[in-house]
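Here the structure is laid out as structure tokens; the discussion comes afterwards.
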There are 2 protein chains.
Amino acid sequence: MNNAPASPSFRPLYEQIKVLITQSLIAGEWRPGEAIPSEMELAARFKVSQGTVRKAVDELAAENILVRRQGKGTYVATHNEEHTKLRFLRLTAADGKKELLENQLLECNRGKATAEMARQLGLKTGASIIEVKRLLSFSGKPVILDHIIIPAAPFKGLNGSKIQDNNGSMYSMYETQYGIRMVRAEERLKAIAADEASAQLLGVAVGTPLLRIERVSCTYGDKPMEWRLGLCVTEEHHYRNELE
Amino acid sequence: MNNAPASPSFRPLYEQIKVLITQSLIAGEWRPGEAIPSEMELAARFKVSQGTVRKAVDELAAENILVRRQGKGTYVATHNEEHTKLRFLRLTAADGKKELLENQLLECNRGKATAEMARQLGLKTGASIIEVKRLLSFSGKPVILDHIIIPAAPFKGLNGSKIQDNNGSMYSMYETQYGIRMVRAEERLKAIAADEASAQLLGVAVGTPLLRIERVSCTYGDKPMEWRLGLCVTEEHHYRNELE
DNA sequence: GAGTGGTCTAGACCACCAA
DNA sequence: TGGTGGTCTAGACCACTCA
């Protein structure tokens, strides 16, 4: 119905629709795993043509924020399903075999954000945080030692048992317990030598080369919500990456 | 003009157009950096509407195979321009500063593919290959020790001086000298300890943890064309990655 | 069969670029 | 000023899912 691109703010209509849909996701109007309204309904709601909604949804689907299912509808993407559960876990066995993943919780404490951590997570220095340490094992062998920090405010009441429930997927837990979905993450990888504490937990010799993965994960609107440091034994595993 | 999806092979028209465009790229009809025909011309050539061509080109642009420039035309993507030159190089300084990159050629030999290498590159065991070893330095400090293997057939006449010419970018050289563009790559990362030879060349102590990057790069049609093993000192650098 | 997303078309107008 | 890609619309028909 709106024939010309809106003159005041010159951004394409479909980008404005994208923003509106994202805002509804932030507001929790549709939770992870739920269906959003059909293209026709959205078109009516935003007073644009179906094609414009389609382009907005196409891009959100390309960003793994929505999932289209032909004949059924468009859904809010989730880390819960088998296929997408470990989407951010790039570590696989060298021989490509599928492995059983075990999760051992080591610590779960409250604390205050350091200046550096506050900067990473967009908080104020000294803000309340939750700190988790855990050990992930593949087929019984320790492989990843994780140190995870999240702001306490959005994750009220989080404790060790909630983490244990979701068979090791923190992202799955964030979604089902708090409706918070991580849509993007940035990682920095380095090779380091295992120190005494890490070596003992991972069952390797001190000085063993480890892959150090530092990750900041963001929810809708690129808002950082989790900082994570993983130390990985890469003797029998490697980190897969695709460049395009 | 074609109102119904073609009945014999049921694939969307725009996918067929994508294939046709890709074939022209393989055939070298348009070389890296050149403009391809306008959307209207392509639509006429393939006897479809402009919108269908647009969708095909959109996807090829999303895959970094084509580049659209509003008001000018659509171009074959390249590794030559400043912005895209080091697209596959994910290593950056820890402090984010820009650095001067130097390239020191160590070896450039002909050889025969081992069974494993032949498998990786889609060749027959014993096929002729070219083997390159080089050292990349950032601001004078050695950082990456590369071992590169490519099939000899498509790269006739390649030698050390051609590698030196393109200020260290092999991909740039492949394009300008042979019209072969790498569009995709798959990497496997591990942490290993520096052996004697690597340690000496990289100027670190034996046993220093190194980031080991194994990469297979593919040209149009996902045809593998280069295998590469990089050993990286990550004391002052890290490998950046974005997960979506 | 009704409803959803998926494809294709045709035509209008806008923004950008170069001559 | 003319050509290019970019946006938006409207309508037709196809493919898939489910009741």
Side-chain angles (χ1 to χ4, degrees), chain A residues 1-21 30 33-78 81 83, chain B residues 1-21 30 33-78 81 83:
Chain A
M1 306 296 171
N2 193 345
N3 213 28
S7 31
S9 68
F10 183 52
R11 293 187 64 195
L13 251 186
Y14 72 87
E15 281 193 14
Q16 301 176 41
I17 305 294
K18 264 181 82 172
V19 171
L20 291 172
I21 293 176
W30 316 299
E34 289 181 7
I36 71 170
S38 75
E39 293 181 352
M40 290 304 252
E41 283 177 83
L42 289 173
R45 167 155 153 190
F46 299 132
K47 304 260 202 316
V48 297
S49 80
Q50 190 212 4
T52 302
V53 170
R54 167 167 289 272
K55 174 130 186 174
V57 171
D58 273 348
E59 295 205 349
L60 290 169
E63 294 167 27
N64 293 309
I65 290 173
L66 299 176
V67 176
R68 319 190 77 139
R69 292 193 197 132
Q70 182 169 160
K72 298 184 71 175
T74 301
Y75 296 77
V76 182
T78 168
E81 294 153 43
H83 185 60
Chain B
M1 306 296 170
N2 192 345
N3 213 26
S7 28
S9 69
F10 183 51
R11 292 186 65 195
L13 252 186
Y14 73 85
E15 281 192 15
Q16 301 178 41
I17 306 296
K18 263 182 82 171
V19 171
L20 291 172
I21 293 176
W30 317 298
E34 290 180 7
I36 70 170
S38 76
E39 293 181 351
M40 290 305 250
E41 284 177 84
L42 290 173
R45 166 154 154 191
F46 299 133
K47 304 262 203 314
V48 298
S49 79
Q50 189 212 6
T52 302
V53 170
R54 168 167 289 271
K55 173 132 186 171
V57 172
D58 274 347
E59 295 205 349
L60 290 169
E63 293 166 28
N64 293 310
I65 289 172
L66 298 177
V67 176
R68 320 191 74 135
R69 291 192 199 134
Q70 183 169 155
K72 297 185 70 175
T74 301
Y75 295 76
V76 182
T78 168
E81 295 153 44
H83 183 60

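Side chains are part of it too, since the values below use all heavy atoms of this structure and drop only hydrogens, waters and symmetry mates.
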Legend entry - Residues which pass salt bridge (charged side-chain N to carboxylate O under 4.0 Å, His left out) with A:Glu41, listed by chain and number, not counting sequence neighbours: none
Inset, instruction - Report yes if a side-chain nitrogen or oxygen of B:Ser49 is closer than 4.0 Å to either non-bridging phosphate oxygen (OP1 or OP2) of C:dA10; otherwise report no. - result: no
[X]: partners by side chain to side chain donor-acceptor pair (under 3.5 Å), with sequence neighbours left out:
| X | answer |
| --- | --- |
| A:Lys55 | none |
| B:Glu34 | none |
| A:Asn64 | none |

Inset, instruction - Find the distance B:Arg54:CZ to C:dA12:C1' and express it as a whole number of Å. - result: 14 Å
Inset, instruction - Would you mind classifying the nucleic acid contact of A:Arg69 as base, sugar-phosphate or nothing, using non-hydrogen atoms under 4.0 angstrom? - result: sugar-phosphate
Inset, instruction - Could you list by number each residue of residues 55-63 of chain B showing a heavy-atom separation from DNA chain C of less than 4.0 Å, or answer none if no residue does? - result: B:Lys55
What's the closest nucleotide to the side chain of [X] if the choices are [options]?
| X | options | result |
| --- | --- | --- |
| A:Tyr14 | D:dG5, C:dT4, D:dC8 | D:dC8 |
| A:Glu41 | C:dT4, D:dG5, C:dC8 | C:dT4 |
| A:Ser38 | D:dC8, C:dG5, D:dG5 | C:dG5 |

Considering only nitrogen or oxygen atoms on both sides, find all protein atoms under 3.5 Å from nucleotides 17-19 of chain C and state each distance.
from	atom 1	to	atom 2	distance (Å)
C:dA18	OP1	B:Lys72	NZ	3.3

If you look only at distance, which donor and acceptor atoms sit under 3.5 Å apart when one is on a side chain in residues 69-78 of chain B and the other is two or more places apart or in another chain?
from	atom 1	to	atom 2	distance (Å)
B:Thr78	OG1	B:Asn80	N	2.9
B:Thr78	OG1	B:Asn80	ND2	3.1
B:Thr78	OG1	B:Glu175	OE1	2.6

Inset, instruction - Please give the angle, rounded to 10 degrees, between the axes at the start and the end of the helix from C:dG1-D:dC18 to C:dA18-D:dT1, where five pairs define each axis. - result: 10°
